[in-house]
There are 2 protein chains.
Amino acid sequence: MNLRDLRYLLAVAEHEHFGRAARACGVSQPTLSVQIRKLEDVLGVVLFERGGKVAAPTAACRQLLDHARAAVTAAEGVLATARSLRDPLAGRFRLGVIPTLAPYLLPLVFGPLREALPSLELEPWEDQTAALLERLRAHELDAVLLATDETAPDLMGVPLFAEPFLAALPPEHPLAAREAVAETDLARDILVLSDGHCLRDQALEACGQTTALGAALRASSLTTLLNMVAAGYGTTLIPGLAAGAAQDAGIVLRPLTTWTGRTIRIVWRAHYPQRPAAEAVGEVIARRLRGYTESTAATAA
Amino acid sequence: MNLRDLRYLLAVAEHEHFGRAARACGVSQPTLSVQIRKLEDVLGVVLFERGGKVAAPTAACRQLLDHARAAVTAAEGVLATARSLRDPLAGRFRLGVIPTLAPYLLPLVFGPLREALPSLELEPWEDQTAALLERLRAHELDAVLLATDETAPDLMGVPLFAEPFLAALPPEHPLAAREAVAETDLARDILVLSDGHCLRDQALEACGQTTALGAALRASSLTTLLNMVAAGYGTTLIPGLAAGAAQDAGIVLRPLTTWTGRTIRIVWRAHYPQRPAAEAVGEVIARRLRGYTESTAATAA
DNA sequence: GGGTCTCGATAGGTGACGCCTATCGATATC
DNA sequence: GATATCGATAGGCGTCACCTATCGAGACCC
């Protein structure tokens with residue numbers, strides 16, 4: 001049994017006439033006769049009483065019509081839904097973003113994304129790199145924004161923009177008097193985020209060390225870290241996009257004497273079929289941040 | 001797009017694996033790969049993300065699954081319903097019966113019919129011959145029980161039993177003293193049913209006349225007629241199966257000197273596809289009435 | 001790190017079947 | 001009785017779903 005057969009069944013039942021039903025179906029009358037006959041054989045039920053003025057649906061046929069109609073309607077639902085899903089730049093797009101980037105980047109790019117990709121429903125998800133990659137591989141995210149460089153054979157991605165690090169100092173800190181700060185100068189009293197944040201490792205590496213002040217001071221969020229710096233507990237490196245938040249917290253920012261920073265990439269599964277969507281999202285973000293990267297690079301120079 | 005394609009779609013989505021889904025569908029893995037690929041082309045949507053450990057349904061695919069499931073379920077509903085309707089001796093059977101027969105025959109045959117054809121839901125419909133034939137031709141009845149002999153090219157039927165006529169007399173009527181009554185003796189004061197009842201014409205014909213007592217006395221039902229006879233307004237001919245009711249009304253019954261009666265037939269449309277059901281119903285009625293016809297014939301003789 | 005296994009895609013061949021046109025037989029209509 | 005209509009049948013044809021065999025990519029494992 002076939003969807004086509006059911007369509008034929010419905011047509012003949014509606015027109016009560018093989019010829020007209022055939023015309024409605026766009027086939028010849030013999031075709032319809034044969035197919036209905038086969039359907040009757042398959043079902044083991046006589047569907048129409050022929051020979052009178054009309055081809056009258058039998059009682060059995062009438063009992064089947066509702067099911068047949070439901071099947072045809074559902075099948076058309078498949079086609080209609082598929083048509084509405086056809087645009088790869090439409091639908092839900094779950095984007096993972098690391099916590100040291102999300103609060104500062106998303107407000108900048110939400111507007112441009114909505115404007116450039118109006119049918120794409122962006123659903124941000126904030127988590128640390130490892131968790132994001134796990135969810136990405138589990139098909140629970142469509143793409144992620146990362147600040148690390150590692151590659152994997154099952155993933156691919158493109159860099160979007162370079163984000164400089166800035167020295168964050170309490171106003172009364174001796175280094176605050178300088179125009180620019182050397183990373184190694186921060187090493188003495190640098191505060192870092194807790195384990196799992198990629199920014200933690202990057203800040204430590206920039207300062208040329210692998211341990212920082214006591215674990216008790218490890219902040220679990222960048223906001224906490226900024227507040228701790230503002231309170232005079234130490235210094236830190238913050239990503240450039242967080243500059244506004246840092247200044248709001250009463251922190252002095254200084255560029256580093258040699259440019260240091262991280263590169264933000266968008267990453268997706270190698271087999272991800274909606275690659276155009278991921279690339280489009282990345283493109284919008286990169287375009288929005290293009291001017292920013294150049295200006296901060298100029299400031300740091 | 002095809003029901004088969006939707007079944008394949010559901011299978012792959014469920015197993016998240018082409019090979020296992022193919023085994024579940026009873027086809028080879030290449031078949032499934034090709035068909036899914038074609039379905040993706042038709043829908044314009046990528047359904048599965050291949051290449052990882054599993055063939056993961058895409059977001060678009062998941063949105064289509066409900067529709068696909070509904071279509072497949074409805075199609076299976078068609079098959080299941082058809083299976084339950086396959087027995088031609090099952091289902092609703094609308095049987096038209098003339099009013100001078102129905103009240104006396106149906107109580108006799110209901111039991112045997114239910115016993116012999118337990119899956120047949122008998123739905124009686126009582127009306128006069130012309131109305132019954134109209135409904136029969138309009139497919140609103142499956143068969144009718146008639147007492148007339150006319151045939152039509154679009155109808156067919158078989159005789160079931162012969163029903164004798166009996167003279168119905170008021171107890172004080174002069175003819176009540178005789179063993180048997182001649183039809184012509186009844187002619188003087190015979191009462192008949194109103195227009196449209198076949199029994200009216202048959203009674204008049206048996207008496208060799210075309211008009212009866214004044215139109216005002218024409219009864220619209222056999223029960224009324226019997227009550228009028230019992231009240232002494234005149235005589236009449238009644239069909240044998242109504243004998244019990246007539247005696248209950250206090251009427252004297254006498255056989256006719258020469259056998260006279262009507263033949264009850266079951267009639268259906270020539271193209272009626274459930275002919276076996278009609279024949280089976282007729283057969284049960286005929287068998288139930290076989291002894292009856294012989295015994296009354298003996299009585300009359 | 002090269003052999004092995006698994007998975008899905010591809011190639012080529014085959015049979016089934018849905019479709020067509022032409023025609024028939026039956027029935028209704030004039 | 002001639003004509004028109006309706007559904008069934010016959011014969012031919014092209015598509016397509018299916019198969020087996022094979023490939024290429026990726027994971028796994030001594």
Side-chain angles (χ1 to χ4, degrees), chain A residues 1-9 11-43 46-58 61 137-139 151-156 269-273, chain B residues 1-42 46-58 61 137-139 151-156 269-273:
Chain A
M1 194 184 59
N2 210 317
L3 272 176
R4 183 178 5 92
D5 299 332
L6 297 183
R7 274 187 250 271
Y8 291 167
L9 165 66
V12 177
E14 186 191 346
H15 291 91
E16 299 200 342
H17 188 289
F18 279 72
R20 279 192 287 277
R23 230 169 302 134
C25 293
V27 297
S28 69
Q29 169 265 315
T31 297
L32 209 57
S33 286
V34 170
Q35 292 309 115
I36 291 286
R37 182 65 217 284
K38 284 187 185 173
L39 184 60
E40 287 180 326
D41 288 346
V42 169
L43 299 181
V46 178
L47 294 169
F48 296 99
E49 183 173 333
R50 292 99 156 151
K53 290 181 180 296
V54 297
T58 62
C61 176
R137 288 193 164 101
H139 297 83
T151 60
D154 61 334
L155 300 178
M156 54 184 301
R269 294 184 297 280
H271 296 291
Y272 181 59
Chain B
M1 191 184 61
N2 210 317
L3 271 176
R4 182 177 7 93
D5 299 333
L6 296 183
R7 274 187 250 271
Y8 291 167
L9 166 64
L10 293 176
V12 177
E14 185 191 345
H15 291 92
E16 299 199 343
H17 188 288
F18 279 72
R20 277 192 289 278
R23 231 169 301 134
C25 293
V27 297
S28 70
Q29 168 266 314
T31 297
L32 209 58
S33 285
V34 170
Q35 292 310 114
I36 292 287
R37 184 64 218 284
K38 284 187 184 174
L39 184 60
E40 286 180 327
D41 288 347
V42 169
V46 178
L47 295 169
F48 297 98
E49 183 172 332
R50 291 101 157 147
K53 289 181 181 293
V54 296
T58 62
C61 176
R137 288 193 164 100
H139 296 84
T151 60
D154 61 334
L155 300 178
M156 56 184 299
R269 294 183 296 281
H271 296 291
Y272 181 60

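Predicted, not measured: the structure shown is a model, and the values here were computed from it.
Distance B:E16 CD to C:dG8 C1': 15 Å, rounded to the nearest Å. If you measure from atom CD of B:E49 to atom C1' of C:dC7, you get 15 Å, rounded to the nearest angstrom. Distance A:L3 CG to C:dG18 P: 13 Å, rounded to the nearest Å. Summarising the geometry, the separation between CD on B:E40 and C1' on C:dA9 is reported as 12 Å, rounded to the nearest angstrom. Atom P of nucleotide C:dG8 and atom CD1 of B:I36 are separated by 11 Å, given to the nearest angstrom. Nucleotide C:dA9 holds its C1' atom 17 Å from the CG atom of B:L39, rounded to whole Å. B:R269 has its CZ atom 16 Å from the P atom of C:dT27, to the nearest Å. If you measure from atom CZ of A:F18 to atom C1' of C:dC24, you get 17 Å, rounded to the nearest angstrom.
Note on A:H17: every side-chain N or O is 4.0 Å or more away from OP1 and OP2 of D:dT5. Taking 4.0 angstrom as the limit, B:R50 places a side-chain polar atom (N or O) nearer than this to OP1 or OP2 of C:dA9.
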*Using the side chain to side chain contact (heavy atoms under 4.5 Å, CB included) rule, take B:L39 and B:M1 through it: C-alpha gap first, then chi angles, then the decisive distance, then the call.*
CA-CA 7 Å; B:L39 184 60; B:M1 191 184 61; 3.8 Å; yes

*Kindly indicate, with the supporting measurements, whether the criterion side chain to side chain contact (heavy atoms under 4.5 Å, CB included) is fulfilled by B:N2 and B:R7.*
CA-CA 9 Å; B:N2 210 317; B:R7 274 187 250 271; over 6 Å; no

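In this structure, the side chains of A:V46 and B:Y272 stay at 4.5 Å or more apart for every pair of heavy atoms. Contact check for B:I36 versus B:R50: side-chain heavy atoms found under the 4.5 Å cut-off.
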_Reading 5' to 3' through nucleotides 15-30 of chain D, protein heavy-atom contacts under 4.0 Å coded B for base, S for sugar-phosphate only, - for none_ = --SSBBB-----SS--

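Within the structure, side chain to side chain donor-acceptor pair (under 3.5 Å) pairs that include any residue of residues 23-34 of chain B comprise B:S28-B:T31, B:Q29-B:S33 (at least two apart or interchain).
Judged by distance alone, with hydrogens and angles left aside, the side-chain atoms of A:T58 form a donor-acceptor pair with the main-chain N or O of A:L47 at under 3.5 Å. Side chain of A:E14 to main chain of A:A21: no donor-acceptor pair is present (N/O by atom type, distance under 3.5 Å, no hydrogens or angles).
Here the nucleotide nearest the side chain of A:R20, chosen from D:dC6, C:dT10, D:dG7, is D:dC6.
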